[in-house]
Amino acid sequence: RMFPNPEPPPETVSINKAINTQEVAVKEKHARTCILGTHHEKGAQTFWSVVNRLPLSSNAVLCWKFCHVFHKLLRDGHPNVLKDSLRYRNELSDMSRMWGHLSEGYGQLCSIYLKLLRTKMEYHTKNPRFPGNLQMSDRQLDEAGESDVNNFFQLTVEMFDYLECELNLFQTVFNSLDMSRSVSVTAAGQCRLAPLIQVILDCSHLYDYTVKLLFKLHSCLPADTLQGHRDRFMEQFTKLKELFYRSSNLQYFKRLIQIPQLPENPPNFLRASALSEHISPVVVIPAETSSPDSEPVLEKDDLMDMDASQQSLFDNKFDDIFGSSFSSDPFNFNSQNGVNKDEKDHLIERLYREISGLKAQLENMKTESQRVVLQLKGRVSELEAELAEQQHLRQQAADDCEFLRAELDELRRQREDTEKAQRSLSEIETQEQLEVLESLKQELATSQRELQVLQGSLETSAQSEANWAAQIAELEKERDSLVSGAAHRDEELSALRRELQDTQLKLASTEESMCQLAKDQRKMLLVGSRKAAEQVIQDALNQLEEPPLISCAGSADHLLSTVTSISSCIEQLEKSWSQYLACPEDISGLLHSITLLAHLTSDAISHGASTSLRAPPEPADSLTEACKQYGRETLAYLAALEEEGTLENADSTAMRNCLSKIKAIGEELLPRGLDIKQEELGDLVDKEMAATSAAIETATARIEEMLSKSRAGDTGVKLEVNERILGCCTSLMQAIQVLIVASKDLQREIVESGRGTASPKEFYAKNSRWTEGLISASKAVGWGATVMVDAADLVVQGRGKFEELMVCSHEIAASTAQLVAASKVKADKDSPNLAQLQQASRGVNQATAGVVASTISGKSQIEETDNMDFSSMTLTQIKRQEMDSQVRVLELENELQKERQKLGELRKKHYELAGVAEGWEEGTEASPPTLQEAVTEKE
């Protein structure tokens, strides 16, 4: 062959040899090769690539041996075996459910074993500090819990679940075996028992760690909290102890593993010192251990030999029946004499039937013989195993016999030595007997002396007994005297009890009188509070028509806020009245609610009267009448509270109806500026500030465009004047941009410091007056910038007036001053953003002064070019021109006076409308400065 097939790696060969369909235990050398292969490749890719080609779902023995090998790899293989196997968790679960439908054979065993492997993978995934073989020191166990009692609690629960799966597999394997026979020495029994070695190793560690963790938990948590842990541990302790005991008695485990025995009684976790008595179970595995080789199976040659022997047996039986010659040629009918053709046909048919029957019997005999041979070979295997066990016992008995023989020889030597010692000591014993006799005589004399001493002490005790009798008589007399004293004490105690009852009756009557007095005092307090409240409300009603109210000014929004407060107060008053009727001792809440209602009602009447002064006639009359009706209903409600009846006597429905009417009238009287929804104020502030910034940028762009056009079309003085004026306008726009940025930063700081947990929109809605002031100031700045650019355009083109440009500059200064004042109302005086805003405001004022100065200078330069020449005029013409100039001056002064008056009226009306719309007259927020104040500040 030119391209020979490469030999498979040894790990693949070992996996196929370890995981096969023969019902024998996995050989240790194949499993060891698989483990070394995982360490060599640092993972389990080769293992899973081979396993995925095996029909694990169709052969239970194959799946069982796969579980055994996989368990070994998880325990002793490379740590990456767990990582490479996590992707197959779902396949293992599906296979476990599939094998769980079989109730006999390896089906249930495979299902439970797969569940155990899934549990082991999940446990080591959750707790990566635990190695696959579960070998850890006490320090490592403490580090796994991270010194947290909650982690130790959860870790103990997960260990219980892990150990529960191990014990379930342990118990199921034992239940599937016929323990009446020596199954541990058969190949089938060893196939089922072999994986239990890994289970025993896991169980010993899990039991040890569980005991230590439970002692740690009992030192941190109360015993009642851990009752469930103790019950579960007791159940698992009993099962594990029984399974360890049963496993240690099996011949298969005796030469493979040394199984520890658990203590007779479980640890007492309620006693902390019991931890020192705990001994960790240690499983000992000899250095050279291997699973027994599989038993020989029935080979094909043996079956062929059996078939040959059966065939010879059939031939002999055929010759016995029909003869050898007939057997050699059964269809040679010509050699038979006296047989006609019909008889031959019948004979042939009969022979065919007999041959068919014999063939069927032969097949049955073959099948039965094969079954018998298999049974016999199985029995031979069992007998060989029993023989091996008997040989082992015989060897053990021989060893015991040798030991007993050695002990017998030792005892013989000891007997000879003893006989020699007895002969040598016989003489010594005789002498010792004489000495003992002398010592006994001395002891007898001593005993006689002691007897005399005892007799003397007996006489002394008799005398002391008489003395004791006398003392007892005296004690009886004392007892009688004590009894009489006790009777006297009882009489005194009964007298004291009668006095106590009298005192208690007096105390009860005193308490009743005190309760009645307290009740009267509470009633007097309630009546006094109610009368004071009625007086406050009556005073407010009496002041409705008094002249001092004519000069007061009220607002509808304050009236509405007062109405809202009254509604809340009425609810609180009804609740306090209910509590007072249920518990008359608690009157503080009721008194507070009555007083608060009286003052709020007085405020509502006052605000209603002042609001009606600025309202139209019809709503004003309705509001006044509604306030009067509400005052009367409140007085009636307070009068009903005097009765100590049920809650129905004090009905607040009429009061609420009056409040609803007042609220409806107040909402109609709200200024138009308040029509904006409060939740939209925050968005409107951002929009107006953005629109103002956009207007400033547009104005700057237009100024640059005008400057470019002037440079292209103008020359001389006019070009110089235009450049100076437009340059100052550009500086003013830049200063306004800096002011707007500083105002935004300050507003952001105010919102962040004042809103708390609320959103910026909620903060703007809560401070609606301040927000509306910002909106108005932003609009004014944007409008002023647009108007100034239009005026500058006309001046550059020669069609405008320099005075318009100066007025626009003053208007912009006033608008920016209003924006600064509105921004710093709620600012901290030490805020760096406030200082920056003030610095920007001063920059705007300087830029405005520059615009005005450049405008005046430009106007002067333009006028100097138009000097008047009077050299050619006569005296009469000059006099005529002078008179015309005086008339013009007077006309202009008159027009100037009228324009100033008109300007004053316009400003007054403007700020009157702005004040109504934005609530400046409330006094709660600082009102924006007037235009004149802004101009004065600028100048």
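Values reported hereafter were calculated over all heavy atoms of this structure, with side chains retained and with hydrogens, waters and symmetry mates removed.
The main-chain N or O of Ser137 is found under 3.5 Å from a side-chain atom of Gln140 such that the two form a donor-acceptor pair. The backbone N or O of Phe160 sits less than 3.5 Å from a side-chain atom of Gln236, completing a donor-acceptor pair. Of the possible donor and acceptor atoms, none in the side chain of Lys115 sits under 3.5 Å from a partner among the backbone N and O of Cys165. Put simply, the side chain of Arg53 gets close to the backbone of Ser49: a donor and an acceptor are under 3.5 Å apart. Checked by atom type and distance alone, the side chain of Arg32 never pairs as donor or acceptor with a backbone atom of Lys27 at under 3.5 Å.
The side-chain heavy atoms of Met234 and Pro266, taken from C-beta on, include a pair separated by under 4.5 Å. Proximity of Asn133 to His205: side-chain heavy atoms (C-beta onward) are nowhere separated by under 4.5 Å. Side-chain contact check for Ser57 versus Met98: some heavy-atom pair is nearer than 4.5 Å. Within the 4.5 Å cutoff, side-chain heavy atoms of Leu155 are placed close to those of Tyr123. For the pair Ser85/Phe70, a side-chain contact is recorded, criterion being any heavy-atom separation below 4.5 Å from C-beta on. When side chains are defined from C-beta on, Cys110 does not count as touching Leu56, because their heavy atoms never get closer than 4.5 Å. The closest side-chain heavy-atom distance from Pro263 to Ile279 is not below 4.5 Å. In this structure, Leu92 and Asp94 have side chains that are not in contact, with every pair of non-hydrogen atoms separated by 4.5 Å or more.
Checked by atom type, the side-chain pair Asn59/Thr21 shows no donor-acceptor distance below 3.5 Å. Glu164 and Asn168 share no side-chain donor-acceptor pair at under 3.5 Å. Thr46 and Glu41 form a side-chain donor-acceptor contact under 3.5 Å, judged by distance and modelled atom types alone. Using modelled atom types, one finds a donor on one side chain and an acceptor on the other under 3.5 Å when comparing Tyr106 with Glu23. In the model, Asn150 has no side-chain atom that pairs as donor or acceptor with a side-chain atom of Gln154 under 3.5 Å. Judged purely by distance below 3.5 Å, without hydrogens or angles, the side chains of Ser273 and Arg271 pair a donor atom with an acceptor atom.
Here Tyr209 pairs with nothing under the ring-ring contact (aromatic ring centres under 6.0 Å, His included) rule; sequence neighbours left out. Residues passing the salt bridge (Lys or Arg N to Asp or Glu O under 4.0 Å) test with Lys216 are Asp142, sequence neighbours excluded. In this structure His39 satisfies the side-chain contact (heavy atoms from CB on, under 4.5 Å) test together with Ile35, His78, sequence neighbours excluded. When the salt bridge (Lys or Arg N to Asp or Glu O under 4.0 Å) test is applied to Glu235, the partners found at least two apart in sequence or on another chain are Lys239. Contacts of Phe47 classified as ring-ring contact (aromatic ring centres under 6.0 Å, His included), with partners at least two apart in sequence or in another chain: none. Qualifying ring-ring contact (aromatic ring centres under 6.0 Å, His included) partners for Phe244, counting only residues two or more places apart in sequence or in other chains: none. Annotation: ring-ring contact (aromatic ring centres under 6.0 Å, His included) contacts of His218 (sequence neighbours excluded): Phe269. When the salt bridge (Lys or Arg N to Asp or Glu O under 4.0 Å) test is applied to Asp202, the partners found at least two apart in sequence or on another chain are Arg75, Lys120. Gln258 is linked by a side-chain contact (heavy atoms from CB on, under 4.5 Å) to Val284, counting only residues two or more places apart in sequence or in another chain. Listed by chain and residue number, Asp161 satisfy the salt bridge (Lys or Arg N to Asp or Glu O under 4.0 Å) test with Arg232 (two or more places apart in sequence, or in another chain). With sequence neighbours excluded, the residues satisfying side-chain contact (heavy atoms from CB on, under 4.5 Å) with Tyr88 are Trp48, Asn52, Glu91. With sequence neighbours left out, the side-chain contact (heavy atoms from CB on, under 4.5 Å) criterion links Leu221 to Val149, Phe153, Leu217, Leu226.
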Requested in this report: Take His278 and Asp208 through the side-chain hydrogen bond (donor to acceptor under 3.5 Å, both in side chains) test and state the conclusion after the steps.
Outcome: CA-CA 9 Å; His278 169 68; Asp208 182 32; 2.8 Å; yes
Query raised in the report: Between Ile15 and Thr12, is a side-chain contact (heavy atoms from CB on, under 4.5 Å) present by the stated rule, with each step listed?
Result: CA-CA 5 Å; Ile15 293 173; Thr12 304; 5.6 Å; no
Query raised in the report: How far apart are the C-alpha atoms of Glu122 and Lys126, what are their side-chain angles, what is the distance that settles it, and do they pass the salt bridge (Lys or Arg N to Asp or Glu O under 4.0 Å) test?
Result: CA-CA 6 Å; Glu122 291 177 351; Lys126 291 180 182 178; 5.6 Å; no
Query raised in the report: Stepwise, does the side-chain hydrogen bond (donor to acceptor under 3.5 Å, both in side chains) test hold for Ser248 with Gln261?
Result: CA-CA 9 Å; Ser248 61; Gln261 297 297 325; 3.3 Å; yes
**Report entry** Verdict with reasoning, Val199 to Cys203, per side-chain contact (heavy atoms from CB on, under 4.5 Å)
**Finding:** CA-CA 6 Å; Val199 175; Cys203 289; 3.8 Å; yes
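Considering OG1 of Thr186 and CZ of Arg192, their distance stands at 9.5 Å, rounded to 0.5 Å. Taking CG of Asn151 as the reference point, atom OG1 of Thr156 lies at 10.5 Å (rounded to 0.5 Å). Taking CG of Leu596 as the reference point, atom OG of Ser565 lies at 8.0 Å (rounded to 0.5 Å). Taking NZ of Lys65 as the reference point, atom CG of Leu54 lies at 11.5 Å (rounded to 0.5 Å). In this structure, Ser14 OG and Ile19 CD1 are separated by 10.5 Å, a value rounded to the nearest 0.5 Å. In this structure, NZ on Lys17 lies 10.5 Å from CG on Asn20, to the nearest 0.5 angstrom.
Taking the ring centroids of Tyr113 and His68, they lie at or beyond the 6.0 Å cut-off.
Note: Tyr162 and His124 have perpendicular aromatic rings, judged against thresholds of 30 and 60 degrees for the angle between ring planes.
A cation-pi arrangement is absent between Arg246 and Phe253, since the terminal nitrogen or guanidinium carbon is not both under 6.0 Å from the aromatic centre and inside a 45° cone about the axis.
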